[in-house]
A.B. asks: 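Sharing a structure, written as structure tokens. Questions coming.
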Amino acid sequence: MIRKTKVSVKICVGTACFVQGGADLLLYQDFLDPVVLANCDIEGVSCIGGCKDDTLKTRPPYIQIDDKIYGEMTQDKMCALLSEVVHA
Amino acid sequence: MNNVFIDVDYAQIYKHGQKIGGDVFLLSRKPDSNQIVCTLSDGLGSGVKANVLASLTARMAHKLSFSDMDLTHSAKLIMNTLPVCKERKISYATFTIADLRHNSDEDVQVNLVEYDNPSALVFHGSEPEYWESEKIDLMREGAFKKEVLGRSHLNLTIGSRLLIFSDGVTQAGMGKALPLGWRLKGVRTYAQELIEQNPDISSHDLSYAIVQKAHTLDRLSAKDDITCMVVYVRKPRRTLVVTGPPFVPEHDQLLVEKIKQFEGKRIVSGGTTAQIVSRILGSPLKVDMKCWSPDVPPCSVMEGVDLVTEGMLTLSKVAVALEQKKSSLTLANDAVKKFIEVMQDSDQVHFIVGTKINEAHQDPNIPVEIGIRRTLIGRLRKALEEKYLKETSLEYM
Ligand code: FES
């Protein structure tokens, strides 16, 4: 099953995230599965706020999927997470 | 900062086959007294000998213009000093000195002294101005011919231009396409056409176009050195660079007011700052996912601001690019390139630096390369002033 509404994905392009691996995530066109890509609304955000939030127990780079913030993001983790959400 | 910007540039082509010019152009600016002196001298003949004559003349004329000495007296002094040509037993170099001064208002006063060069041209917009210069007979002892100086006081306002050139321009095409050469009238008409086509044409482009035209009239084999200098008085192009949130949030509003009221291009550099501006202006911030490179985070688009970039990384790359005077053509299509393009196109850059400390950068994992905002802006200003001769100013908030 594929979700009816598109998944909203925000990639942080703020300084802290960008230098700690966020730049790699911006290549999402290349590493994401086309089906996943087609079902996601991906945009950049200058600082999602994760870097200033002490309650989060993770580190940059951050992305936000729908309303949830995920830290220490990598290309692989992003692939896995998104295909999970898209195919849920 | 000045309300007037004086754009001076010149173009030159040497006589065919010569590796050195007999036309010499000098330019100095004295920023504290708002004085600019341009001198064009054409030495007898061409090549090295002419260059020596012209260099000497131009250099002296130049130095003397900055002194209090009367210009007629200066001219005599120059001619007495010039070495005498062995073959023709004369010492000779023509010259034009334009001494430009502007005070706090938008007028530029020009003191023009001409000796045997083609008469200078003045345009207000694309309209040529005609005037009579005061003639002064030098009556120098031992002169080999009658020496008459032309002296004029002119007034340039915003949109005016002054054109000075050597006889290589007015005599271009002589005996070929045009029996009497291009002549002053031809140059005037051509310059007028160019200004009509492009009212904001820079001095660089205008002088270049005139010299090229003269060269073509000479069928690309210049009969004499061809030199043209243009002074263009215009409104300065201004840019505002805002980086960093103000020290206290109460000043956010004030910062945005300053951005709104600024006349010229606006750059906001820094994610947090951009978010503040976006919130108060009520214009949404959209990240441009096409405009980035591995070292430089994407720029964003926001109505009311011409360029929105990330802060530290972008600014430090901009500083390096400016210091190395990199051409924007060689840069990747990212925020740094856009930033540099705006800088190159501005005459005056005003920086507003917010002094709030960014908690995100207290992280020990961030590379040391990310210096403090102030240091970066200091480097930017230094490079802009020293390498690009721009005016800059700074304000902390
Ligand atoms: S810079 Fe990415 S969350 Fe702040």
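Just so we're on the same page: letters track the sequence lines, and every chain starts at 1.
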A.B. asks: Does B/Glu303, at its CD atom, have more than 12 non-hydrogen atoms belonging to other residues, nucleotides or ligands within less than 6.0 Å?
C.D. replies: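 Counting other residues, nucleotides and ligands, CD of B/Glu303 stays at 12 neighbours or fewer.
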
A.B. asks: Going by heavy atoms in the side chains, are A/Lys52 and B/Thr272 under 4.5 Å from each other?
C.D. replies: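 Side chain of A/Lys52 against side chain of B/Thr272, heavy atoms only: contact under 4.5 Å found.
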
A.B. asks: With a 4.5 Å cut-off on side-chain heavy atoms, are B/Gln275 and A/Ser46 touching?
C.D. replies: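 The answer is yes, as the side chains (C-beta and beyond) meet within the 4.5 Å cut-off.
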
A.B. asks: So which part of B/Ser293 gets closer than 4.5 Å to some heavy atom of chain A, the side chain, the backbone, both or neither?
C.D. replies: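 Only the backbone of B/Ser293 comes within 4.5 Å of chain A.
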
A.B. asks: Are side-chain heavy atoms of A/Thr15 and B/Pro297 found at a separation under 4.5 Å?
C.D. replies: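 A/Thr15 vs B/Pro297: side chains apart.
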
A.B. asks: Within a 6.0 Å radius of atom NZ on B/Lys382, are there more than 12 heavy atoms belonging to other residues, nucleotides or ligands?
C.D. replies: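 No - once you tally the heavy atoms of other residues, nucleotides and ligands closer than 6.0 Å, there are 12 at most.
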
A.B. asks: Provide the closest heavy-atom pair for A/Val45 versus B/Val287 in the form atom of the first, atom of the second, distance.
C.D. replies: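 In this case the closest contact between A/Val45 and B/Val287 is N-CG2, 3.7 Å.
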
A.B. asks: Less than 4.5 Å to any heavy atom of chain A: does that hold for the side chain of B/Val296, its backbone, both, or neither?
C.D. replies: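 The answer is the backbone of B/Val296.
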
A.B. asks: Any idea which heavy atoms bring B/Trp292 and A/Leu27 closest together, and the distance?
C.D. replies: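 Here B/Trp292 and A/Leu27 meet closest at CH2-CD2, 3.8 Å.
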
A.B. asks: Is it the side chain or the backbone of B/Asp295 that comes within 4.5 Å of chain A heavy atoms, both, or neither?
C.D. replies: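 Backbone only.
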
A.B. asks: Tell me if the CD atom of B/Glu263 is crowded by more than 12 foreign heavy atoms within 6.0 Å.
C.D. replies: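 No.
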
A.B. asks: Look at atom CD of B/Glu257 and say whether more than 12 heavy atoms of other residues, nucleotides or ligands are closer to it than 6.0 Å.
C.D. replies: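 Yes, the 6.0 Å shell around CD holds more than 12 heavy atoms from other groups.
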
A.B. asks: Could you report the tightest heavy-atom contact between A/Ala23 and B/Pro294, atom names first, then the distance?
C.D. replies: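 Closest approach of A/Ala23 to B/Pro294, heavy atoms only: CB-O, 4.2 Å.
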
A.B. asks: Within the supplied structure, the quantity of interest is the number of heavy atoms (other residues, nucleotides, ligands) at a distance under 6.0 Å from B/Tyr208 OH; does it exceed 12?
C.D. replies: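 Not buried by this count: 12 neighbours or fewer within 6.0 Å.
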
A.B. asks: Between the side chain of A/Glu43 and the main-chain N/O of B/Met289, is any donor-acceptor distance below 3.5 Å?
C.D. replies: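 Absent.
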
